[in-house]
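All figures in this text were calculated on a predicted structure; none of them were measured in a lab. First the proteins, then the strands, lettered A, B, ... as listed; each starts at 1.
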Protein chains: 2
Amino acid sequence: MQLTQILDQVYPLPQGAREKITGRVREVAFGKNHLLMRAGRVERNLYFIQSGMVRAYADAGDHEITFWFGSEGETIVSMNSYVAGKPGYEHIELLEPCILYELRAEELQQLYQEDLQIANWGRKFAERELIKTEERLISRQFKTAAQRYKELLADNPDLLQRVALCHIASYLGITQVSLSRIRSEIR
Amino acid sequence: MQLTQILDQVYPLPQGAREKITGRVREVAFGKNHLLMRAGRVERNLYFIQSGMVRAYADAGDHEITFWFGSEGETIVSMNSYVAGKPGYEHIELLEPCILYELRAEELQQLYQEDLQIANWGRKFAERELIKTEERLISRQFKTAAQRYKELLADNPDLLQRVALCHIASYLGITQVSLSRIRSEIR
DNA sequence: ATTAAAATTTTACAAATGATAAATAATGGC
DNA sequence: GCCATTATTTATCATTTGTAAAATTTTAAT
């Protein structure tokens with residue numbers, strides 16, 4: 001997906017504002033399994049996904065918790081770094097080879113202070129992510145794991161082809177064994 | 001808590017920008033149990049809490065799910081209305097008598113288009129809420145209900161005095177019976 | 001203070017999910 | 001294509017959490 005399209009689906013920008021962003025972006029590519037971001041670091045870049053699939057996960061002692069999948073058109077940020085300049089709590093791992101648009105967070109912050117439309121773009125970006133996260137939190141509370149699995153597949157039909165089941169199980173908040181049970185009961 | 005203090009803790013505003021907001025705000029008061037917002041409606045106002053405590057809850061067929069508590073200094077918005085102009089999924093109920101600062105959402109949206117600093121205030125507001133929600137989603141996944149209960153009390157020491165246990169149980173994602181079990185095991 | 005209503009706890013049992021280990025299937029490197 | 005590795009499923013049993021109903025405590029109104 002092209003950068004301008006990615007930016008516009010968050011919030012349509014006038015030509016000039018859009019160019020301020022695109023002019024600061026570099027195209028980069030990484031292979032499968034590359035660790036794009038590590039927890040505990042202040043992450044200095046953010047990325048828009050032109051193609052490929054990634055996951056965000058947090059450490060939980062002995063295992064890891066996948067809490068986000070990103071694919072074409074989505075934005076990768078270490079939220080704590082991006083929002084508060086603090087070390088992030090998430091790792092970002094590439095599940096497929098990816099082509100990304102890279103942007104220095106500092107430069108974007110600078111644009112927020114200069115350009116009204118870009119500040120509103122940043123507002124819309126956070127607002128949209130907030131609604132998605134809040135809906136997931138609520139759904140976690142009143143849907144069974146089986147329902148959440150079915151809905152996830154309905155929303156992302158190609159997820160099964162692109163993501164390992166152990167990551168999907170983690171994302172759903174259940175063990176891989178539980179997910180196996182659910183899958184066998186459906187068929 | 002005073003309005004200027006509430007606004008500034010999100011993002012410090014220059015005098016002029018701050019007055020653009022405060023000039024559009026009305027002080028209103030409602031009694032305990034008042035339903036401030038209802039799911040399914042497009043909500044036209046947002047509120048800053050000067051004093052009191054509220055909860056947000058969603059309907060889940062036969063029961064309700066409390067997913068947010070708000071008290072002094074926090075902001076009450078119907079996220080779907082505020083962000084997308086769509087009917088909200090949450091009810092807002094007053095758990096105590098409240099004094100609120102009321103602001104028409106439309107006027108705030110107007111200010112976002114006019115004032116760079118206010119647009120950045122709105123951005124920071126969404127970003128902060130996003131981090132809080134994401135952390136809750138993750139904590140739901142790798143902490144036991146007992147841990148989440150203890151942490152909730154540690155962060156909000158007066159919650160037990162102000163909120164019914166059935167709402168706390170719902171917020172934690174467990175039944176009231178489970179919460180009772182947890183409470184009896186702690187002592 | 002008394003009483004009715006609501007909130008919370010307790011009990012007993014059922015259902016869902018987790019942990020572990022073994023079996024099977026799929027994948028990637030050579 | 002073969003083998004080693006990794007991913008997934010299956011089976012068994014333990015633990016957690018839910019459901020329902022009754023008992024108890026708290027709250028609020030008179």
When you compare the side chains of [X] and [Y], does any donor N or O come within less than 3.5 Å of an acceptor on the partner?
X: A/Y171; Y: A/R136; result: yes
X: A/E135; Y: B/Y89; result: no
X: A/E114; Y: A/Q110; result: yes

Exercise answer: donor-acceptor pairs, residues 69-78 of chain B side-chain atoms, under 3.5 Å, sequence neighbours excluded:
from: B/E72; atom 1: OE1; to: B/R162; atom 2: NH1; distance (Å): 3.4
from: B/E72; atom 1: OE2; to: B/G52; atom 2: N; distance (Å): 3.2
from: B/E72; atom 1: OE2; to: B/R162; atom 2: NH2; distance (Å): 3.1
from: B/E74; atom 1: OE2; to: B/S71; atom 2: N; distance (Å): 3.3
from: B/S78; atom 1: OG; to: B/S81; atom 2: OG; distance (Å): 3.1
from: B/S78; atom 1: OG; to: B/E90; atom 2: OE1; distance (Å): 3.0

Worksheet item: Run the side chain to side chain contact (heavy atoms under 4.5 Å, CB included) check on B/R55 and B/E64 step by step: do they pass?
Response: CA-CA 11 Å; B/R55 72 180 178 114; B/E64 13 177 276; 2.6 Å; yes

Fill in: Note, A/L36 side chain near A/L100 side chain (heavy atom, < 4.5 Å)
yes

Fill in: Salt-bridge present (B/E185, B/R181; N to O < 4.0 Å)
no

Worksheet item: Mind checking what makes salt bridge (Lys or Arg N to Asp or Glu O under 4.0 Å) contact with B/D8, not counting sequence neighbours?
Response: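 Residues passing salt bridge (Lys or Arg N to Asp or Glu O under 4.0 Å) with B/D8: B/R18.
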
Worksheet item: What residues, two or more places apart in sequence or in another chain, satisfy salt bridge (Lys or Arg N to Asp or Glu O under 4.0 Å) together with B/R128?
Response: none

Item to complete: Looking only at non-hydrogen atoms, find the nearest pair between B/H91 and B/L35 and report the distance.
Response: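 Distance-wise, the nearest heavy atoms are CB-CD2, 4.1 Å.
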
Worksheet item: Which residue, A/R123, A/Q117, A/K124, forms the side-chain hydrogen bond (donor to acceptor under 3.5 Å, both in side chains) with A/Y11?
Response: A/Q117

Rounded interatomic separation in angstrom, taking [atom1] from [X] and [atom2] from [N]:
X: B/L179; N: D/dT17; atom1: CG; atom2: P; value: 12 Å
X: A/I182; N: C/dA15; atom1: CD1; atom2: C1'; value: 14 Å
X: A/Y149; N: D/dT9; atom1: OH; atom2: C1'; value: 13 Å
X: B/K143; N: C/dG18; atom1: NZ; atom2: C1'; value: 20 Å
X: B/H167; N: C/dT8; atom1: NE2; atom2: C1'; value: 13 Å
X: A/L95; N: C/dT27; atom1: CG; atom2: P; value: 15 Å
X: A/L165; N: D/dT8; atom1: CG; atom2: P; value: 4 Å
X: A/E96; N: C/dG28; atom1: CD; atom2: P; value: 12 Å

Discussion item. Of the listed nucleotides (C/dT17, D/dT9, C/dT8), which one gets closest to any side-chain atom of A/R183?
Written reply: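 Nucleotide nearest to A/R183's side chain: D/dT9.
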
Fill in: 5' precedence on DNA chain D between B/A146 and A/Q176 (nearest-nucleotide basis)
A/Q176

Please list each protein N or O that sits under 3.5 Å from an N or O in nucleotides 18-22 of chain D, with the distance.
from: D/dG18; atom 1: OP2; to: B/T175; atom 2: N; distance (Å): 3.2
from: D/dG18; atom 1: OP2; to: B/T175; atom 2: OG1; distance (Å): 3.1
from: D/dG18; atom 1: OP2; to: B/S178; atom 2: OG; distance (Å): 2.6
from: D/dG18; atom 1: N7; to: B/R181; atom 2: NH2; distance (Å): 2.8
from: D/dG18; atom 1: O6; to: B/R181; atom 2: NH1; distance (Å): 3.2

Item to complete: Could you tell me, to 10°, how much the axis swings from one end of the helix from C/dA1-D/dT30 to C/dC30-D/dG1 to the other, five pairs per end?
Response: 60°

Contact list (N/O, under 3.5 angstrom) for nucleotides 26-29 of chain D vs protein:
none

